[in-house]
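Following: one structure in structure tokens, then a few remarks.
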Amino acid sequence: IASNFRHYSTFIKTFAQDLFKVRRRANIFDDNNTLSETRVLLSLISLLCVCEGILLYSAVGLRGEMAVSPFAGIGMLSVLAGGYYLCQLAAYRTVGYLFSNEPDTLQWLKGFNASQSLLGLVLVIPALLSLFSPGLAPLLLSLSVLFYGIARFIFISKGFRIFYDNYTSLVYFILYLCTLEIIPPVI
């Protein structure tokens, strides 16, 4: 990821636009996902999962010793984070196709991927610091939870801007918040 980072600036700008902008009509000059963009997205999502695995390992380490080696523990928690990401992606795709049209759903999914990609970049520093300075773990975990909350808030507000049309859509949006944004993280 670090060796190709100089090529990522264009894609990071695109992800930021996907996260904050809502367009009702497609632009004729917009490109569909290219292979390069997909590679960048996969590498940044992988980075997110590894950073979340490191931070979860630090959180578990605060509560006591783990029975496995740090490498195995971080690996297992990274796979768990990847599974959670895939479950969220499947849930958003299902909800979007059930309650909206395809362009809005694709725009919403791009916003989700963008929020998670940019969150992965932000979590690199707390994850590395928690590895090299375990004494700072409580502060870094609090900071990471704050970053996660900000990313979720931005993503939820993008979903609200995409899907809100009238009072009925507000009821659907509240149901969406309960089923996909509140219950899974609590579990």
- Message: For C49 versus S78, what's the shortest heavy-atom pair and its separation?
- Response: O-OG, 3.4 Å
- Query: Any side-chain heavy atom of W108 within less than 4.5 Å of one from V95?
  - Reply: yes
- Task: Using distance alone, with no hydrogens and no angle criterion, decide if N113 and Y92 have a side-chain donor and acceptor under 3.5 Å apart.
- Result: no
- Message: Which heavy atom of G135 sits nearest to which heavy atom of P138, and what is that distance?
- Response: O-CD, 3.7 Å
- With hydrophobic residues grouped by side-chain heavy-atom distances under 4.5 Å, do I74 and L80 end up in a single group? yes
- Common cluster, V60/V50, ILVMFWY with side-chain heavy-atom separation under 4.5 Å: yes
- Item | Side chain S133, main chain L129, donor-acceptor under 3.5 Å | no
- Can you tell me if CD1 on I150 sees more than 12 non-hydrogen neighbours from other groups inside 6.0 Å? yes
- Item | Reported CZ-to-OG distance for the pair F147 and S142, which is rounded to 0.5 angstrom | 11.5 Å
- Query: Under 4.5 Å between side-chain heavy atoms, hopping through other hydrophobics if needed: is there a path connecting I45 to I125?
  - Reply: no
- Item | Pairwise distance NZ(K158) to CZ(F153) - rounded to 0.5 angstrom | 14.5 Å
- How far does CG of L109 sit from CD of E102, to the nearest 0.5 angstrom? 10.0 Å
- Which atom of A81 lies closest to which atom of E52, heavy atoms considered: CB-OE1, 3.2 Å
- Atom CD of Q107 and atom CG of N101: how far apart are they, to the nearest 0.5 Å? 9.5 Å
- Is V145 reachable from Y84 through a run of I, L, V, M, F, W or Y residues, each pair having side-chain heavy atoms under 4.5 Å apart? no
- Query: To the nearest 0.5 Å, how far apart are OG in S43 and CG in L41?
  - Reply: 8.0 Å
- Nearest heavy-atom neighbours spanning F155 and G111: CD1-C, 3.8 Å
- Message: On a heavy-atom basis, which atom in C51 and which in G120 lie closest, and how many Å separate them?
- Response: SG-O, 4.2 Å
- Please report the shortest heavy-atom distance between P126 and S144, naming the atom on each side. CB-OG, 3.4 Å
- Item | Close side-chain approach of L55 and S130, heavy atoms under 4.5 Å | yes
- Message: Quick check on the hydrophobic clustering: are L48 and L42 connected, directly or via other members, by side-chain heavy-atom contacts under 4.5 Å?
- Response: no
- Task: Report the distance from atom CG of L136 to atom CG of L131, rounding to the nearest 0.5 Å.
- Result: 12.0 Å
- Message: Is it the case that atom OH in Y97 sees more than 12 heavy atoms from other parts of the structure closer than 6.0 Å?
- Response: yes
- Message: In the structure I gave you, are the side-chain heavy atoms of R93 and Q88 within less than 4.5 Å of one another anywhere?
- Response: no
- Decide if the gap between the ring center of F71 and the ring center of Y57 is smaller than 6.0 angstrom. no
